[in-house]
Amino acid sequence: MQSYSNHPFANLIETQCHGFDMLEYLCGPIVSIMAEMTDKTGTGFSTFSLSLKFANGGVGSLIGSYDSLYAYRDTHVLKINGTKGRVLIQDTVKKYSFQKAGSEFAEVWEAGYFNDYDREFHRTFD
């Protein structure tokens, strides 16, 4: 997705801030961040990879890019692996699964074929 802003950190400010909000909501406060960023396209730091440390001792990563398309499958993927299980969210509102630690079964929610309401982008604000 190309940025319409000329700010060198538009990707982080306009788009990836939502990823930070989601990670902090689900995993707790972020206390440390290290980054690798590129301005390869000459449009600002449009692609980056971040290493995160949470206050609870957990670690994670966030990869974000304006140099890609939202048309690609699994453009937005969130994975949380913890001592109690695993959460997987695919394409923001397409599919959610939770698998308890030690179980081979996962609880899955996926909007039905005719359920466009639950799959539309504006559900991400709910």
Side-chain angles (χ1 to χ4, degrees):
M1 177 182 157
Q2 268 306 331
S3 168
Y4 295 103
S5 172
N6 61 0
H7 194 284
F9 297 104
N11 181 17
L12 183 61
I13 296 167
E14 297 173 357
T15 304
Q16 306 313 324
C17 61
H18 303 296
F20 280 110
D21 288 345
M22 186 183 309
L23 287 170
E24 285 201 310
Y25 179 79
L26 296 171
C27 302
I30 297 169
V31 296
S32 175
I33 299 176
M34 291 178 266
E36 289 290 340
M37 301 176 154
T38 184
D39 184 19
K40 185 176 176 94
T41 60
T43 59
F45 294 99
S46 53
T47 296
F48 61 81
S49 175
L50 306 176
S51 293
L52 312 169
K53 184 170 183 178
F54 297 90
N56 64 14
V59 295
S61 61
L62 175 68
I63 299 171
S65 180
Y66 264 172
D67 301 325
S68 188
L69 300 173
Y70 286 122
Y72 295 152
R73 186 178 186 142
D74 286 337
T75 294
H76 178 262
V77 177
L78 172 72
K79 295 179 186 179
I80 299 174
N81 292 298
T83 57
K84 295 183 180 181
R86 176 182 188 225
V87 170
L88 174 63
I89 302 172
Q90 295 171 272
D91 284 334
T92 310
V93 294
K94 183 176 183 181
K95 188 174 184 180
Y96 165 87
S97 65
F98 173 73
Q99 186 172 353
K100 289 183 181 180
S103 175
E104 293 184 3
F105 296 95
E107 186 178 335
V108 178
W109 174 88
E110 187 169 8
Y113 183 72
F114 292 106
N115 188 356
D116 290 335
Y117 179 78
D118 283 340
R119 293 187 305 172
E120 73 175 9
F121 174 74
H122 293 96
R123 298 291 67 80
T124 63
F125 300 110
D126 290 349

Roughly how far apart are [X] [atom1] and [Y] [atom2], rounded to 0.5 Å?
{"X": "Trp109", "Y": "Ser97", "atom1": "CH2", "atom2": "OG", "answer": "12.0 Å"}
{"X": "Thr38", "Y": "Asp67", "atom1": "OG1", "atom2": "CG", "answer": "7.5 Å"}
{"X": "Ser65", "Y": "Tyr72", "atom1": "OG", "atom2": "OH", "answer": "10.0 Å"}
{"X": "Lys95", "Y": "Ile89", "atom1": "NZ", "atom2": "CD1", "answer": "13.0 Å"}
{"X": "Gln16", "Y": "Tyr66", "atom1": "CD", "atom2": "OH", "answer": "7.5 Å"}

* Asked: Do Asp74 side-chain atoms and Asp91 backbone N/O form a donor-acceptor pair below 3.5 Å?
  ->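 Side chain of Asp74 to backbone of Asp91: no pair is present.
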* Derivation and outcome, side chain to side chain contact (heavy atoms under 4.5 Å, CB included), residues Leu52 and Leu23 -> CA-CA 10 Å; Leu52 312 169; Leu23 287 170; 3.6 Å; yes
* Asked: If every non-hydrogen atom of Cys27 is compared with every non-hydrogen atom of Phe54, which pair is closest and at what distance?
  -> CB-CE2, 3.6 Å
* Structure fact -> Of all heavy-atom pairs linking Pro29 and Glu24, the shortest is CA-OE2, 3.4 Å
[Y] side chain reached by [X] side chain, heavy atoms, under 4.5 Å:
{"X": "Lys94", "Y": "Arg73", "value": "yes"}
{"X": "Lys100", "Y": "Lys84", "value": "no"}
{"X": "Leu88", "Y": "Val77", "value": "yes"}
{"X": "Val108", "Y": "Phe98", "value": "no"}
{"X": "Ser46", "Y": "Asp39", "value": "no"}
{"X": "Leu78", "Y": "Met22", "value": "yes"}

* Asked: Do other residues, nucleotides or ligands put more than 12 heavy atoms under 6.0 Å from the CD atom of Glu110?
  ->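 Above 12, so yes.
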* State whether the number of non-hydrogen atoms from other residues, nucleotides or ligands found under 6.0 Å of Glu107 atom CD is greater than 12. => no
* **From CA spacing to verdict: side chain to side chain contact (heavy atoms under 4.5 Å, CB included), Val87, Leu26** => CA-CA 10 Å; Val87 170; Leu26 296 171; 5.8 Å; no
* **Residues Leu50, Ser61; criterion side chain to side chain contact (heavy atoms under 4.5 Å, CB included); working and verdict** => CA-CA 5 Å; Leu50 306 176; Ser61 61; over 6 Å; no
* **Single-linkage hydrophobic cluster Ile33~Phe48, side-chain heavy atoms < 4.5 angstrom** => yes
* Asked: Under 4.5 Å between side-chain heavy atoms, hopping through other hydrophobics if needed: is there a path connecting Phe20 to Tyr25?
  -> yes
